[in-house]
Amino acid sequence: MKKSFIGLLFLIFLLNPIQNKLHAQDSSRLRISLLTCTPGDELYSIFGHSAIRIIDSADINNDYFDIVYNYGTFNFDDQGFYLKFIRGKLLYYISIEKFEDFKWMYQTTNRGITEQVLHYSPAEKKIIQRALNENLKEENKYYKYDFFLDNCTTRLRDLLVNNSNPKPTLPAVMPASTTFRNAIHQYLNSGKQYWSKLGIDILLGAPTDAVMTREQQQFLPDNLMGSLDSCKNIRLVNTSANLYPIENYNNGSLYTPMVFFSAVLLLFFLLSMSKNRFARSILKSLDGMLFFLTGLLGIVLIFMWTSTDHSMTKDNYNLLWAWPTHLLFSFFVNSNKQFVKKYFLF
């Protein structure tokens, strides 16, 4: 009897710290998770998306006890929307919605959601919830979006890192030599967005070719998700799960820049070989069009470099071939004036 009593006391002694720990974990009544959404088929969705989900079991009778905080919201009805978007002055903001509504939207567009339930103390969970609700206030909710440096994913990264004690050291998940351009190329190639890739490569300048730091890699949702899973100095993720299956398909298009410009090059070659007067006139017209378009592009590149807040459109060396002056000289393709001949010779 005495031995049994001692054994019982020993068992209680062992279980008591575990019970206290479980109680501490549950005392906040909060469950916080990072939602990482797979890329979509359109350019705006090709890089995926991140959001925070909070389930508050202390408020289960409220319709919004299971909500998603989303930093990727903007207003199409904003006055001067397109000009602000082009100039990099469009304000994004944080918004909330029911988790089921969020999930339905992504499920109907065949985009998957991976949920990582995060490992925080009750006090840390409360701090994160308060920080998000503070950001929802009208005076705090808006921020100037930068795709590479300040977006819906980096905002969540900063929130999770700054409210953890000790602070996690999130590891790199891409090779050390990866540039911003390398990173976005992976998604554009995977999504078969070849025309978008061409346009982006032309518009983005030298800063895009900088090698990313460990922190900068986390501007992509998949990279942040991988960094949380791979964190070594503290545990950040309790569990991870795909919330529903999706169908993987993207047939792409045969109408790629390579096919198009190969056909244009062949046309120029055939016309240049022809002695027919009509063919020669078409060739001169195409020459004029080529100079007009490259000149117009040069003006766009200068505008994006000097008149916008986009960080990655500066120092664009495509201006070495897309001269704005080509626009003027495109109207003198058939001229025999000496200054025109010198220009085209140069």
Side-chain angles (χ1 to χ4, degrees), residues 36-50 72-74 76 81-90 92 105-106 109-112 145-154 174 178-210 212 216-224 246-265 289-290 293-294 296-305 307-322:
T36 303
C37 308
T38 60
D41 294 328
E42 304 299 328
L43 179 60
Y44 71 87
S45 64
I46 201 68
F47 302 101
H49 184 54
S50 299
T73 320
F74 56 86
F76 274 112
F81 170 83
Y82 290 105
L83 183 59
K84 289 179 180 178
F85 179 80
I86 292 170
R87 296 191 64 196
K89 297 181 181 293
L90 183 66
Y92 278 57
M105 182 182 69
Y106 280 88
T109 54
N110 194 42
R111 295 179 63 187
Y145 179 90
D146 185 304
F147 173 73
F148 292 98
L149 303 177
D150 191 2
N151 65 18
C152 55
T153 299
T154 62
M174 293 182 129
T178 306
T179 66
F180 288 101
R181 199 183 300 270
N182 295 150
I184 62 175
H185 276 183
Q186 291 183 20
Y187 286 82
L188 294 168
N189 289 335
S190 177
K192 298 180 172 58
Q193 295 277 348
Y194 303 121
W195 282 102
S196 297
K197 178 182 174 183
L198 174 64
I200 288 171
D201 275 345
I202 291 174
L203 288 176
L204 295 183
T208 321
D209 296 304
M212 294 183 292
Q216 287 172 338
Q217 289 187 9
Q218 293 146 19
F219 83 94
L220 290 166
D222 286 340
N223 288 357
L224 178 59
I246 61 171
E247 298 178 17
N248 292 314
Y249 60 87
N250 190 336
N251 296 324
S253 171
L254 295 176
Y255 183 62
T256 65
M258 178 63 74
V259 171
F260 174 78
F261 288 113
S262 295
V264 170
L265 181 62
M289 184 183 299
L290 176 63
L293 292 177
T294 52
L296 185 62
L297 177 60
I299 293 173
V300 171
L301 296 183
I302 289 178
F303 171 78
M304 296 298 291
W305 183 340
S307 303
T308 75
D309 291 344
H310 295 293
S311 60
M312 296 294 182
T313 58
K314 316 298 181 186
D315 304 329
N316 195 326
Y317 301 127
N318 284 312
L319 282 164
L320 291 173
W321 57 268

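Numbering of residues begins at 1 and proceeds along the displayed sequence.
- A heavy-atom distance below 4.5 Å is found between the side chains of Arg87 and Phe303.
- By the 6.0 Å contact criterion, CE on Met105 is enclosed, its count of non-hydrogen atoms from other residues, nucleotides or ligands being greater than 12.
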Exercise for review: Start with the C-alpha gap between Tyr194 and Tyr255, add the side-chain angles, then the distance that decides, and say whether ring-ring contact (aromatic ring centres under 6.0 Å, His included) holds.
Suggested key: CA-CA 9 Å; Tyr194 303 121; Tyr255 183 62; over 10 Å; no
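- The closest side-chain heavy-atom distance from Leu297 to Trp321 is below 4.5 Å.
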Practice item. Might you work through the side-chain contact (heavy atoms from CB on, under 4.5 Å) test for Thr208 and Thr313, ending with a clear yes or no? Key: CA-CA 8 Å; Thr208 321; Thr313 58; over 6 Å; no
Practice item. Output, in order, the C-alpha distance, side-chain angles, deciding distance and verdict of side chain to side chain donor-acceptor pair (under 3.5 Å) for Asp146 and Ser311. Key: CA-CA 8 Å; Asp146 185 304; Ser311 60; 3.0 Å; yes
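- With sequence neighbours excluded, the residues that form a ring pair (Phe, Tyr, Trp, His ring centres under 6.0 Å) with Phe260 are Trp195.
- Atoms CD1 and OG, on Ile86 and Ser307 in that order, are 12.0 Å from each other to the nearest 0.5 Å.
- Note that CG of Leu296 and CG of Leu293 are 7.0 Å apart. Values are rounded to the nearest 0.5 Å.
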Review point. Can Thr153 and Phe47 be said to form a side-chain contact (heavy atoms from CB on, under 4.5 Å), step by step?
Key: CA-CA 11 Å; Thr153 299; Phe47 302 101; over 6 Å; no
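- Nearest heavy-atom pair across Phe85 and His310 is O-NE2, 3.4 Å.
- The closest side-chain heavy-atom distance from Thr38 to Tyr106 is not below 4.5 Å.
- To the nearest 0.5 Å, atoms CD (Gln217) and CZ (Phe180) are separated by 9.0 Å.
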Practice item. Evaluate side-chain contact (heavy atoms from CB on, under 4.5 Å) for Met212 paired with Phe148, printing each intermediate quantity in order. Key: CA-CA 10 Å; Met212 294 183 292; Phe148 292 98; over 6 Å; no
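- Closest approach of Trp305 to Lys314, counting heavy atoms only: O-NZ, 2.9 Å.
- Side-chain atoms of Ile302 and Leu319, non-hydrogen and from C-beta on, do get closer than 4.5 Å to each other.
- Every residue two or more places apart in sequence or in another chain was checked for a side chain to side chain donor-acceptor pair (under 3.5 Å) with Thr109, and none qualifies.
- Between Phe74 and Tyr92, the two ring planes are tilted [angle within 30° to 60°].
- Looking at heavy atoms from C-beta onward, Val300 lies in side-chain contact with Leu203 at the 4.5 angstrom threshold.
- At a threshold of 4.0 Å, the pair Asp201-Arg181 counts as salt-bridged, since one of the basic side-chain nitrogens sits closer than that to a carboxylate oxygen.
- Contact detail for Asp309 and Gly88: the closest heavy-atom pair is CB-O, 3.7 Å.
- Within the model, atoms NZ of Lys192 and CD1 of Ile46 stand 10.0 Å from one another, a figure rounded to the nearest 0.5 Å.
- Annotation: side chain to side chain donor-acceptor pair (under 3.5 Å) contacts of Asp315 (sequence neighbours excluded): none.
- The shortest distance between side-chain heavy atoms of Asp41 and Asn110 does not fall below 4.5 Å.
- Looking at every heavy atom in both residues, Pro257 comes nearest to Leu198 through CB-CD2, 4.1 Å.
- A heavy-atom distance below 4.5 Å is found between the side chains of Arg111 and Ser45.
- Remark: Gln193 CD to Tyr187 OH distance equals 14.0 Å, nearest 0.5 Å.
- Evaluated for a side-chain contact (heavy atoms from CB on, under 4.5 Å) with Phe219, the options Asp150, Leu224, Leu149, Asn151 yield exactly one hit, Asn151.
- One N or O on the side chain of Asn189 and one on the backbone of His185 form a donor-acceptor pair closer than 3.5 Å.
- Counting heavy atoms of neighbouring residues, nucleotides and ligands inside a 6.0 Å radius, atom CZ of Phe261 exceeds 12 of them.
- Annotation for Pro221 and Ser50: closest pair CB-OG, 3.2 Å, computed over non-hydrogen atoms.
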Exercise for review: I would like to know whether Leu188 and Leu43 meet side-chain contact (heavy atoms from CB on, under 4.5 Å); could you show each step before the answer?
Suggested key: CA-CA 8 Å; Leu188 294 168; Leu43 179 60; 3.9 Å; yes
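- With hydrogens and angles disregarded, no donor-acceptor distance shorter than 3.5 Å links the side chain of Ser190 to the backbone of Gln186.
- For the pair Met174 and Asn223, the minimum side-chain heavy-atom distance is below 4.5 Å.
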